[in-house]
Amino acid sequence: MKFTRKANANWKGSGKEGKGTLTTASKVLENTQYSFHTRFENGEKGTNPEELVGAAHSGCFAMQLSFLLGEAGFTPNSLNVDATVTFEDGNVTNVLLDLTGDVPKIDLDKFKEIATNAKNVCPISKLLKANIELRVSLV
C-alpha cells in the first residue's frame, strides 16, 4: 500500500518575533498557530513541532500495537500512550512512549514483547531515523 499525506507551514517574520500557521489537507489543523513562544515557552495558545511529533508518534504506535495484538489473538479494550518529546541543545534527543493498556487475557511479559515490537516497526519510529529529502525553490 502506498499513499501520501500533505501538510503546510506558513511562517512570517523573524525566528523569535515571527509567527506561523500549520494546515493539514484533512483540515484537522487549519491555520493552527505556532511561534517561538509556543515552542520554547508556555502559556501562549498554539502548538509546536515537538508536540506534533509526540502526537503523531503516540497515535501511530497505539494503532500499530493494536494490529500486532490482534495478530497475536488479543483485542485491547484501550491503549493509552503518552509521548514525551525531549528537545535539548537544538536536537530532539529522546521520545518516551509511556503505555498503559487494558488488554484481557494477556500477561505483562507478552504485552511488553508485543509493545516492543510495535515500537520498532511503527512507521513514525522508523521515520525518526529516515532519510529526509528536500526540494527547494524561490519565489
Side-chain angles (χ1 to χ4, degrees):
M1 178 184 330
K2 180 178 180 178
F3 58 88
T4 61
R5 299 288 187 254
K6 292 185 83 173
N8 172 265
N10 182 281
W11 186 266
K12 295 180 179 174
S14 69
K16 193 163 185 176
E17 288 80 26
K19 292 187 184 278
T21 59
L22 301 167
T23 301
T24 58
S26 67
K27 301 298 183 189
V28 169
L29 297 179
E30 188 167 11
N31 295 318
T32 301
Q33 298 176 29
Y34 78 114
S35 68
F36 174 89
H37 302 291
T38 62
R39 189 172 193 184
F40 298 106
E41 300 170 0
N42 293 317
E44 190 172 307
K45 184 178 177 175
T47 191
N48 58 73
E50 292 74 26
E51 180 178 72
L52 295 170
V53 166
H57 201 180
S58 60
C60 183
F61 169 73
M63 185 182 289
Q64 182 70 62
L65 178 54
S66 179
F67 277 113
L68 294 180
L69 286 166
E71 289 173 9
F74 302 100
T75 302
N77 291 329
S78 68
L79 300 169
N80 187 59
V81 183
D82 290 323
T84 303
V85 177
T86 301
F87 180 94
E88 183 177 20
D89 298 328
N91 295 295
V92 172
T93 57
N94 193 66
V95 178
L96 168 64
L97 297 173
D98 189 2
L99 167 66
T100 303
D102 177 4
V103 184
K105 301 178 184 174
I106 196 169
D107 65 49
L108 182 58
D109 287 338
K110 187 67 173 175
F111 187 55
K112 283 181 181 178
E113 174 191 323
I114 295 171
T116 298
N117 188 30
K119 176 187 70 88
N120 293 334
V121 301
C122 163
I124 299 299
S125 292
K126 291 192 264 182
L127 170 69
L128 297 174
K129 302 172 197 166
N131 177 54
I132 307 298
E133 294 183 43
L134 177 63
R135 185 173 18 193
V136 178
S137 63
L138 285 172
V139 177

Working to the nearest 0.5 Å, report the span between [atom1] of [X] and [atom2] of [Y].
{"X": "Asp98", "Y": "Asp82", "atom1": "CG", "atom2": "CG", "result": "5.5 Å"}
{"X": "Ser58", "Y": "Asn80", "atom1": "OG", "atom2": "CG", "result": "9.0 Å"}
{"X": "Asn120", "Y": "Phe61", "atom1": "CG", "atom2": "CZ", "result": "9.5 Å"}
{"X": "Asp89", "Y": "Asn91", "atom1": "CG", "atom2": "CG", "result": "7.5 Å"}
{"X": "Leu65", "Y": "Thr116", "atom1": "CG", "atom2": "OG1", "result": "9.5 Å"}
{"X": "Lys119", "Y": "Cys60", "atom1": "NZ", "atom2": "SG", "result": "13.0 Å"}

Is there a chain of hydrophobic side chains (I, L, V, M, F, W, Y, each step under 4.5 Å between heavy atoms) that links [X] to [Y]?
{"X": "Leu52", "Y": "Val92", "value": "no"}
{"X": "Val81", "Y": "Val95", "value": "yes"}
{"X": "Leu97", "Y": "Val103", "value": "yes"}
{"X": "Ile114", "Y": "Val121", "value": "yes"}
{"X": "Leu68", "Y": "Leu99", "value": "yes"}

Flag the pair [X] / [Y] as yes when at least one side-chain heavy-atom distance between them is below 4.5 Å, and no otherwise.
{"X": "Glu113", "Y": "Asp109", "value": "no"}
{"X": "Leu69", "Y": "Leu79", "value": "yes"}
{"X": "Pro104", "Y": "Thr75", "value": "no"}
{"X": "Val85", "Y": "His57", "value": "no"}
{"X": "Leu29", "Y": "Thr47", "value": "no"}
{"X": "Pro123", "Y": "Gln64", "value": "yes"}

> Given the rule in the side chain to side chain contact (heavy atoms under 4.5 Å, CB included) test, do Phe87 and Arg39 qualify, once you have shown the distances and angles that lead to the verdict?
Replying inline: CA-CA 10 Å; Phe87 180 94; Arg39 189 172 193 184; 3.8 Å; yes
For the residue pair [X] and [Y], what are the closest heavy atoms and their distance?
{"X": "Glu44", "Y": "His37", "result": "OE1-CB, 3.3 Å"}
{"X": "Ala9", "Y": "Tyr34", "result": "CB-OH, 3.7 Å"}
{"X": "Gly18", "Y": "Ser35", "result": "O-CB, 3.9 Å"}

> Looking only at atom types and distance, does a side-chain atom of Asn48 sit under 3.5 Å from a main-chain N or O of Thr38, one as donor and one as acceptor?
Replying inline: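 Yes.
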> So, the side chain of Thr23 versus the backbone of Asn31: is there a donor-acceptor pair under 3.5 Å, distance only?
Replying inline: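 Side chain of Thr23 to backbone of Asn31, a donor-acceptor pair under 3.5 Å: yes, one is there.
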> Does Phe74 have its ring centroid less than 6.0 Å away from the ring centroid of Phe111?
Replying inline: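 Centroid separation for Phe74 and Phe111: 6.0 Å or greater.
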